[in-house]
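Proteins come first, then strands; the chains are lettered A, B, ... in the order of their sequence lines, and each starts at number 1. In this text, all values refer to a predicted model and were calculated from it rather than measured experimentally.
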Number of protein chains: 2
Amino acid sequence: MTENAKKILPRLDESLLTHLPPFSKLERRQIRVILDQASSRRYDEGAHIFEEGETAERFFMLLDGYVRVVRVTQTGEQVTALHIPSGQLLGIAKAIGRESYPATAVTATESIVLSWPMRLWDTFVTEYDGFATETYKTVGHRVGELNTRIVELATQQVEQRVANALLRLINQTGRKVDDGIEIDFPITRQDLSELTATTLHTVSRLLSAWEKQGIVESKRKRIKVTDPHALVELSQP
Amino acid sequence: MTENAKKILPRLDESLLTHLPPFSKLERRQIRVILDQASSRRYDEGAHIFEEGETAERFFMLLDGYVRVVRVTQTGEQVTALHIPSGQLLGIAKAIGRESYPATAVTATESIVLSWPMRLWDTFVTEYDGFATETYKTVGHRVGELNTRIVELATQQVEQRVANALLRLINQTGRKVDDGIEIDFPITRQDLSELTATTLHTVSRLLSAWEKQGIVESKRKRIKVTDPHALVELSQP
DNA sequence: CGCAAACCTTGCGCCAGCGCAAATTTCATC
DNA sequence: GATGAAATTTGCGCTGGCGCAAGGTTTGCG
């Protein structure tokens, strides 16, 4: 409840966008236009922003929160392809020449999301300097991440993959706390297992072992890394 | 030798490009300009067209042959991310906002490759209608493939992955022969294992088993699928 | 033709990590 | 503070597929 209170919809204020890469170089007037055309919306934890295969009718910017990009197999298993932190565009199917979303976006926390109808895409690209470049950089970055995940899945042991995943999470979304770095959103053993292609049981065992060694501390849905260096060691082959 | 004789450098003729998606809509005059600025080159089997991390100074079109896109881990293992058939662009770092190539391109057969200096990229995008769209579609398609590979690696057994890889190869690059479909380029057990994240031993065992069941026939570096339907069965969970 | 290099096959033992099962802890709600 | 749902922990046995090793086959080359 108190959490909710903090996360009311923000006023559509210029300062929301000016510091974000795709828009940072724009004039106030341009930002104004962009904001006027945007819809703002709050999503609960676990909500789906868009679904794989759906016609891509809107594109999104994550203002606050975290999003998991997942695929679901025929047998219903979920596989997490990426984690997206706030400040990034998502659902940018047009930037990769697609008419439909290639995966499903699920909020990992309550999130605030801005969105625009896809028909504005071309306008944004032609009207706003740097927008195209930034979106292609975003795509490039994600392609890099996908490649990295493939290499990890192909060559590393489960322990290394989980260690790597944790490191990536604290790098991207870590919050410094008293004696360590905590992952900034609720994450279950199940989530971690979907991210590392293993089972929640194995993740649980690993975390227990690491906790005994003083590398991490974890409560339900919370993980704090107290000795990142040790994790780096574990993540090396 | 006779093989080589067939694969001399082609004359830079208009018909080379007119039927390829990125250029198909262009006028003869435009094709002429594009060809004038291109370099044509033949690569031996196993040659590297470009290396991961290298500054992306040129972009390429594969006119004939097949290319594997690979990453090499710190420990020297190779992981194949994609296979690219002829008629496609590659090394299009600019389309994903990168200054350097994100992976290494290795020829799987002798190949004929056209290339242009990257400084022409923006010109191509602005001057030639449909070029940008096609490149983004290419990117989109590859992102889809990468996602699929991640899901496969994460959820499937080795046997299913190898079956899937074979099916994909015969779909993309299969050549109908007397009593089956043959993969159109030399492929070793090792190659297949790098494509499916397993060992050449396991691939060898699987192929032997399948050969006994009459699903495939294979010689050194050659694989022919005689019963694709059975493979489809095996590829399902 | 004979040799070396590259490629392929097969047997055997082992173990990381999964599946199953059951118990326990934590949290939200009334 | 009682109840139920969700998340987590832990034990145990089994097995897919890897590592190791040895031997066989095909191809290219001097």
A.B. asks: How far apart are the C-alpha atoms of B:Thr198 and B:Thr196, what are their side-chain angles, what is the distance that settles it, and do they pass the side-chain hydrogen bond (donor to acceptor under 3.5 Å, both in side chains) test?
C.D. replies: CA-CA 6 Å; B:Thr198 178; B:Thr196 50; 5.5 Å; no
A.B. asks: Take atom CG of B:Leu192 and atom P of C:dT9, then tell me their distance rounded to the nearest Å.
C.D. replies: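 Spelled out: CG on B:Leu192 to P on C:dT9 is 11 Å.
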A.B. asks: In whole angstroms, how far is the P atom of C:dG17 from the CG atom of A:Leu206?
C.D. replies: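 It is 8 Å, rounded to the nearest whole Å.
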A.B. asks: Measure from CG on A:Leu207 to P on D:dT9 and round the result to the nearest Å.
C.D. replies: 7 Å
A.B. asks: Apply salt bridge (charged side-chain N to carboxylate O under 4.0 Å, His left out) to the pair A:Arg42 and A:Asp64, showing each step before the final yes or no.
C.D. replies: CA-CA 9 Å; A:Arg42 195 187 59 75; A:Asp64 189 35; over 6 Å; no
A.B. asks: I need the single residue from A:Val113, A:Ile84, A:Ile92, A:Leu114 that forms a side chain to side chain contact (heavy atoms under 4.5 Å, CB included) with A:Phe60. Which is it?
C.D. replies: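 When A:Val113, A:Ile84, A:Ile92, A:Leu114 are each tested with A:Phe60, the side chain to side chain contact (heavy atoms under 4.5 Å, CB included) holds only for A:Val113.
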A.B. asks: Is the shortest side-chain N to carboxylate O distance from A:Arg161 to A:Glu152 below 4.0 Å?
C.D. replies: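 Salt bridge between A:Arg161 and A:Glu152, a charged N being under 4.0 Å from a carboxylate O: no.
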A.B. asks: If you check every side-chain atom of B:Ser204, which of C:dT10, D:dT10, D:dG17 has the closest atom?
C.D. replies: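 Among the listed nucleotides, the one closest to the side chain of B:Ser204 is C:dT10.
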A.B. asks: For D:dT8, does the base pair up with any side-chain atom of A:His201 as donor and acceptor (N or O, under 3.5 Å, distance only)?
C.D. replies: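 Donor-acceptor pair under 3.5 Å: no.
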A.B. asks: Counting side-chain heavy atoms from CB outward, which of D:dT9, C:dT9, C:dG17 is closest to B:Arg189?
C.D. replies: C:dT9
A.B. asks: Starting at CH2 of B:Trp210 and ending at C1' of C:dC8, how long is that distance when rounded to a whole Å?
C.D. replies: 16 Å
A.B. asks: Rounded to the Å, how far apart are B:Leu200 CG and D:dG17 C1'?
C.D. replies: 13 Å
A.B. asks: A:Ser39 and A:Arg58: side-chain donor and acceptor closer than 3.5 Å?
C.D. replies: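 Judged by distance alone, the side chains do pair up.
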A.B. asks: How close or far is atom P of C:dC8 from atom CD of B:Glu217, stated in whole angstroms?
C.D. replies: 16 Å
A.B. asks: On DNA chain C, compare the nucleotides closest to B:Arg205 and A:Thr198; which residue's is nearer the 5' end?
C.D. replies: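 Result: B:Arg205.
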A.B. asks: Show the numbers, then the answer: is there a side-chain contact (heavy atoms from CB on, under 4.5 Å) between A:Leu195 and A:His83?
C.D. replies: CA-CA 9 Å; A:Leu195 196 57; A:His83 266 244; 3.8 Å; yes
A.B. asks: Rounded off to whole Å, could you give me the CD-to-P distance for the A:Glu159 and C:dG17 pair?
C.D. replies: 8 Å
A.B. asks: Mapping B:Arg222 and A:Thr202 onto DNA chain C by nearest heavy atom, which one lands closer to the 5' end?
C.D. replies: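 This one resolves to B:Arg222.
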A.B. asks: Before giving the answer on side-chain hydrogen bond (donor to acceptor under 3.5 Å, both in side chains), spell out for A:Thr55 and A:Glu57 the whole-Å C-alpha distance, their side-chain angles and the decisive distance to 0.1 Å.
C.D. replies: CA-CA 6 Å; A:Thr55 308; A:Glu57 277 164 357; 5.2 Å; no
A.B. asks: Start with the C-alpha distance between A:His141 and A:Lys137, add both sets of side-chain angles, then the distance that settles side-chain contact (heavy atoms from CB on, under 4.5 Å), and finish with yes or no.
C.D. replies: CA-CA 6 Å; A:His141 187 245; A:Lys137 275 196 188 154; over 6 Å; no
A.B. asks: A:Gln190 has an atom CD; how far is it from atom P of C:dC18, in whole Å?
C.D. replies: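 My rounded result for the distance is 12 Å.
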A.B. asks: Enumerate the protein-to-nucleotides 3-6 of chain C contacts in which both atoms are nitrogen or oxygen and the separation is below 3.5 Å.
C.D. replies:
unit_1 : atom_1 : unit_2   : atom_2 : d
C:dA6  : N3     : B:Arg220 : NH2    : 2.4

A.B. asks: Would B:Arg41 count as a cation-pi partner of B:Tyr43, with NZ or CZ less than 6.0 Å from the six-membered ring centre and within 45° of the ring normal?
C.D. replies: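 The answer is yes; both the distance and angle limits are met.
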A.B. asks: How sharply is the helix from C:dC1-D:dG30 to C:dC30-D:dG1 bent, taking the axes over five pairs at either end and rounding to 10 degrees?
C.D. replies: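 One end axis against the other gives 50°.
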A.B. asks: Remember a base hit wins even if backbone is also touched, and classify A:Ser208 as base, sugar-phosphate or nothing at under 4.0 Å, heavy atoms.
C.D. replies: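 The answer is sugar-phosphate, as A:Ser208 gets under 4.0 Å only of primed atoms, P, OP1 or OP2.
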A.B. asks: Between D:dG16, C:dC8, D:dA7, spot the one nearest the side chain of B:Thr188, thanks.
C.D. replies: C:dC8
A.B. asks: Can you tell whether the side chains of B:Asp191 and B:Lys221 come within less than 4.0 Å, N to carboxylate O?
C.D. replies: no
